[in-house]
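Structure first, commentary second.
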2 protein chains.
Amino acid sequence: METLVKKSRKQQIEEKATQLFQERGYSATSMRDLAQVLGIEAASLYSHIKSKEEILQKICFRMAGEFFNSWADVEKENGSMTAKMSKAMIAHVKVITQNTASSAVFFNEWRHLSEPFLTEFLSMREDYEGRFMQIIDDGVNSGEFKLVDQKFMMLTILSSLNWTHNWYNPSGTLSSEEIGDRLANLLLNGLKNQ
Amino acid sequence: METLVKKSRKQQIEEKATQLFQERGYSATSMRDLAQVLGIEAASLYSHIKSKEEILQKICFRMAGEFFNSWADVEKENGSMTAKMSKAMIAHVKVITQNTASSAVFFNEWRHLSEPFLTEFLSMREDYEGRFMQIIDDGVNSGEFKLVDQKFMMLTILSSLNWTHNWYNPSGTLSSEEIGDRLANLLLNGLKNQ
DNA sequence: GATATACAAACTAACGTTCGTTAGCAAACC
DNA sequence: GGTTTGCTAACGAACGTTAGTTTGTATATC
């Protein structure tokens with residue numbers, strides 16, 4: 001009850017910062033901008049946070065966690081690689097569409113992380129991408145998928161999925177699941193008839 | 001001959017700026033950074049350019065021009081919508097892969113344009129996207145394509161194509177045309193066998 | 001002699017952050 | 001019950017630095 005009504009100041013800061021980082025980018029958002037939308041002075045922010053970059057770190061690694069958590073469901077899939085890939089895509093899109101602002105920051109602003117966070121971030125990304133490549137590889141070996149370059153395929157699939165945060169409308173007609181489903185359908189079966 | 005050997009200072013500035021904007025982002029790149037990689041003082045840049053944003057404008061609108069020019073070839077296609085879409089994708093990817101740095105700036109930094117450039121940019125983008133949607137619409141009506149939401153389809157296709165600048169390696173084994181061809185193939189026919 | 005290109009110096013504005021302080025409030029003490 | 005103590009969250013002022021840009025001037029080239 002309390003958590004719904006009364007958000008901690010720190011939480012408010014992170015939410016507004018996410019919005020601003022999405023709209024203007026991390027570098028183009030000043031601490032004074034952020035303070036202004038919260039109705040306080042820039043100095044007051046530092047009663048709650050350590051630094052500007054700390055906010056970015058929180059956003060990026062929280063989202064990374066969301067993506068990894070969503071994978072648990074995918075691993076449960078014991079059917080075809082088609083089914084597994086479909087499940088992976090839907091889970092991935094679900095995370096994005098349920099956090100469009102954070103996703104935008106996650107995808108566009110991670111490069112402003114300083115070391116050692118940057119290295120850790122990239123290593124997590126590599127791990128995650130590898131999981132998609134594994135499904136493709138398995139699907140190719142089982143004959144379900146066409147003979148394709150796994151990396152090329154993974155990059156193409158993820159780029160489609162990762163763009164959804166730019167146009168997804170939570171109050172639109174398409175639900176999160178429907179979008180994931182349509183994307184999986186398109187990428188697996190193509191635009192052409194037959 | 002001359003153009004290959006001796007580039008004007010202005011041209012050098014734009015090239016180095018493109019690199020830096022790609023690597024660090026527009027806002028995170030300072031005029032002193034730019035001057036340094038050119039081996040001159042920041043003040044000296046202003047003997048050649050009007051402002052920092054002017055560089056960004058040049059990059060963004062030059063790329064926009066490239067995309068529109070590449071469309072001339074597409075319009076010549078008189079065959080199926082499949083053939084036309086394929087041609088459009090290949091042409092689009094060709095522009096990107098032949099200008100990876102400029103493309104990165106074009107796709108990631110356009111939001112830092114000030115008015116009226118921002119509005120003009122967005123209007124050009126809308127026009128360009130509309131051309132892809134038209135092909136999809138025609139293909140659906142002719143029965144070549146599945147019954148799909150044109151906008152959803154256009155967004156998915158373009159997001160795949162527009163990501164190529166992030167991983168394309170000019171000295172790699174895949175040529176620009178091959179990449180366009182593979183992308184077109186995947187998006188039209190899907191990953192699955194049969 | 002004009003033009004192009006570079007410079008040093010300086011400008012105003014803004015940056016992220018730190019500082020010392022304070023107002024409000026709740027618990028602890030006499 | 002009144003006073004003291006400590007905490008939280010805010011403040012204004014200022015820190016040192018960097019931002020984009022302007023000005024005036026010197027050198028080199030045509």
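Proteins come first, then strands; the chains are lettered A, B, ... in the order of their sequence lines, and each starts at number 1.
- No donor-acceptor contact under 3.5 Å links the side chain of A/Ser30 to the base of C/dA14.
- Within the cation-pi definition used here (under 6.0 Å to the ring centroid, within 45° of the axis), B/Lys52 qualifies as a partner of B/Tyr26.
- Within the structure, every side-chain polar atom (N or O) of B/Ser44 is placed at least 4.0 Å from both OP1 and OP2 of C/dT5.
- Between A/Phe152 and B/Trp167, the ring planes lie perpendicular to each other; the angle is over 60°, past the 30° to 60° tilted range.
- The interatomic distance linking A/Glu41 (CD) with C/dT21 (C1') rounds to 15 Å, in whole Å.
- A/Met63 and A/Ile90 are members of different hydrophobic clusters when ILVMFWY side chains are connected at heavy-atom separations under 4.5 Å.
- B/Arg32 places its CZ atom 16 Å from the P atom of C/dA14, with the value rounded to the nearest Å.
- Using a 30° and 60° split on the angle between ring planes, B/Trp110 and B/Phe121 fall in the parallel class, below 30°.
- In this structure, A/Leu45 places its CG atom 17 Å from P of C/dC19, rounding to the nearest Å.
- Atoms CD (B/Glu54) and P (D/dT22) sit 12 Å apart, rounded to a whole Å.
- Counting any heavy atom pair closer than 4.0 Å across all strands shown, A/Thr29 reaches sugar-phosphate atoms only and no base atom.
- Rounding to whole angstrom units, CD1 of residue B/Ile55 and C1' of D/dA19 are separated by 14 Å.
- A donor and an acceptor atom never sit less than 3.5 Å apart when one is taken from the side chain of B/Ser47 and the other from the base of C/dA4.
- Using a 4.0 Å cut-off between a side-chain N of Lys or Arg and a carboxylate O of Asp or Glu, B/Arg62 and B/Glu14 do not qualify as a salt bridge.
- Between A/Tyr46 atom OH and D/dA13 atom P the separation is 19 Å, expressed in whole Å.
- Checking the phosphate oxygens (OP1, OP2) of D/dT8, no side-chain nitrogen or oxygen of A/His48 falls inside 4.0 Å.
- Along DNA chain C, the nucleotide closest to A/Asp33 and the one closest to A/Lys50 are compared, and the more 5′ of them pairs with A/Asp33.
- Whole-Å rounding puts the B/Gln57 CD to D/dG20 C1' distance at 15 Å.
- At whole-Å resolution of the value, CZ in A/Arg24 and P in C/dC15 are 10 Å apart.
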